[in-house]
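Structure first, commentary second.
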There are 2 protein chains.
Amino acid sequence: MTQSGTEAAPKAKPRRGRPPSTSLNQTLILDTALAIVESEGPDALTLRRLGADLGANHTAVLRHFSGKDEILLGLAERLIQEAMDGFVPAESWRQTLESLARRVRAACLAHPQVAVLVATRVSRRGAEFHGADVVIGALREAGFADRDAARYYRSLVDTAMALSAYEAAFAALDSQSQEGDRMAWRREYLAVSPAQYPNLAAVAPFLAEADADDQFETTLALILDAVAARAITLRPAT
Amino acid sequence: MTQSGTEAAPKAKPRRGRPPSTSLNQTLILDTALAIVESEGPDALTLRRLGADLGANHTAVLRHFSGKDEILLGLAERLIQEAMDGFVPAESWRQTLESLARRVRAACLAHPQVAVLVATRVSRRGAEFHGADVVIGALREAGFADRDAARYYRSLVDTAMALSAYEAAFAALDSQSQEGDRMAWRREYLAVSPAQYPNLAAVAPFLAEADADDQFETTLALILDAVAARAITLRPAT
DNA sequence: ACCTGAACACCGTTCAAGT
DNA sequence: ACCTGAACACCGTTCAAGT
């Protein structure tokens, strides 16, 4: 928001002079913030910690970002770029869609705190337009008319984003709550009363061994199966 | 966790005597917490604010919940209770699953602030167990073996919860940001360069007219189509 | 122009003391 | 048995003062 707007920025710095070169700048701050979140989790990212790692007072950071929220938005921008970075369309439309869904998820899980933020306020910028164009292109290639392509685009993107944010939100919990929830699956679901919840009790052992990666792939396969099935009915002879 | 365990609770209160009747209890605390979150958002829910609204010291709450996290889990259970309230299984397994998915979404949209706060948590309590038992029962009725029933249960519940939370997060935004985001869809996506993003530009008019209810139904139908297709291959003669 | 350091108004949790 | 009030170790942000 403070940089690279398409319109005139209200508080734009002069672009002419040399940057301070000593001390802090936005890029350095974001690099450091990212390193903290990745190595020690979202809770470790405090202004005081950021200042310490930067070798500066913790309030010096506020000279470059208007607040902590602004730092998170800066990280969000990086997340979208990371998801699309180096992407090339695959041979089939289905593989292209799978690849994009996995990229979005991977980026979200790599930066869960940021992902939770991005999921709600989607920035309508270059990287997002590019992704949308690729997804819609894949659906049109599959044979869908524009109206259906738009519908399934929304379904695919919303689901991929929602599931990724959902997983990221769990990963963004403090490790205590996280472990408590994980334990709950193993212990309390396994200990459920077979008389009261017969179906749940029967399959509980399989629930306990659930793996997040497999789970995402299962859901992705379900949706793309359905989309592929509808595509086939459009041109049965292909 | 502090109440209604199926086994002997470690710190069980004596069930005989009159409850304190004056002062605090879990139900009253959760009622108050719910009111705070709904009216002023998740950030307003602090122990001090809770104590003030209850007319008690902010630490008195910790006599009934082991910590703030325990209160959040209590709110999560309430949300699921509301979703399950008055539910009766439908005639077909597919209708049962559709009904549950819509109920979860409706509860989340009715209390978006609460949904955002607790959607990712596992409440491990009665209503959640009941919902899980019904979903798994429907999948077994569809003909799936226990391992697959467990897998598709996770896919269905995670997707319904994730999409509901995703929508709730948007509904939980202040109306100003909400309208700004909606405008962005109409304006910026429609104004996209056809040369740069040909596919996106072609279907943009259909994207602008997207409706949230229809969108949810589309996604739900896609997933259940795929599940049904896999169920049919299990017993082709039924 | 940029950074510092103290101060401010919070937060969740602990614990000895009251009743 | 339940609640209180002080204390503790944090947090993000503000602002006058330095350089």
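Just so it is clear, the values below take in all heavy atoms, side chains as well, and ignore hydrogens, waters and symmetry mates. The sequence lines fix the lettering, A, B, ..., with proteins before strands; numbering per chain opens at 1.
- Taken residue by residue, residues 37-47 of chain B places heavy atoms nearer than 4.0 Å to DNA chain C at B/Leu45, B/Thr46, B/Leu47.
- Contact annotation: the side chain of B/Thr59 never approaches that of B/Leu47 to less than 4.5 Å [non-hydrogen atoms, C-beta and beyond].
- For A/Arg105 and A/Asp213, the salt-bridge test passes: some basic side-chain N is under 4.0 Å from an acidic carboxylate O.
- Atom CG of A/Leu97 is separated from atom CD1 of A/Ile223 by 11.0 Å, given to the nearest 0.5 angstrom.
- Distance CD (A/Glu70) to C1' (D/dG12): 15 Å, rounded to an integer number of Å.
- The salt bridge (Lys or Arg N to Asp or Glu O under 4.0 Å) contacts involving residues 32-44 of chain A comprise A/Glu40-A/Arg49, where partners must be two or more places apart or lie in separate chains.
- The distance between atom CZ of B/Arg48 and atom P of D/dT4, rounded to the nearest whole Å, is 14 Å.
- Rounded to an integer number of Å, the gap from CG of B/Leu54 to P of D/dT4 is 10 Å.
- Rounded to an integer number of Å, the gap from B/Gln26 CD to D/dC2 C1' is 15 Å.
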* Nucleic acid footprint by protein, nucleotides 14-19 of chain D - heavy-atom cut-off 4.0 Å, B for base, S for sugar-phosphate alone -> BB----

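- The shortest heavy-atom contact between B/Gly67 and B/Leu62 is CA-CD2, 3.9 Å.
- In this structure, B/Gln26 contributes its side chain and B/His64 its backbone to a donor-acceptor pair below 3.5 Å.
- Residue B/Asn25 contributes atom CG, which lies 10 Å from atom P of D/dC3 at whole-angstrom precision.
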* To do: Map every base of DNA chain C to its dot-bracket character, where paired means a Watson-Crick or G-U wobble contact with both distances under 3.5 Å and | marks a partner outside the strand.
  => ||.|||||...|||||.||

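- The list of ring-ring contact (aromatic ring centres under 6.0 Å, His included) pairs with a residue in residues 192-215 of chain A, not counting sequence neighbours, reads A/Tyr197-B/Phe129.
- Atoms CD and SG, on B/Glu82 and B/Cys108 in that order, are 9.5 Å from each other to the nearest 0.5 Å.
- Going from atom CZ of B/Arg49 over to atom C1' of C/dA9 covers 17 Å, rounded to whole Å.
- Here A/Arg78 pairs with A/Asp31 under the salt bridge (charged side-chain N to carboxylate O under 4.0 Å, His left out) rule; sequence neighbours left out.
- For the pair B/Phe65 CZ and D/dC3 P, the interatomic distance rounds to 12 Å; values are reported in whole Å.
- Here C/dC3 is the nucleotide among C/dC3, C/dT13, D/dC3 with the atom lying nearest to any side-chain atom of A/Ala60.
- Proximity of A/His130 to B/Leu200: side-chain heavy atoms (C-beta onward) are nowhere separated by under 4.5 Å.
- Taken from CZ in A/Phe87 to CG in A/Leu100, the straight-line distance is 4.0 Å, to the nearest 0.5 Å.
- The CG atom of B/Leu50 sits 12 Å away from the P atom of C/dT13 (whole-angstrom rounding).
- For the pair B/His64 and D/dC2, the criterion of a side-chain N or O lying under 4.0 Å from OP1 or OP2 is not met.
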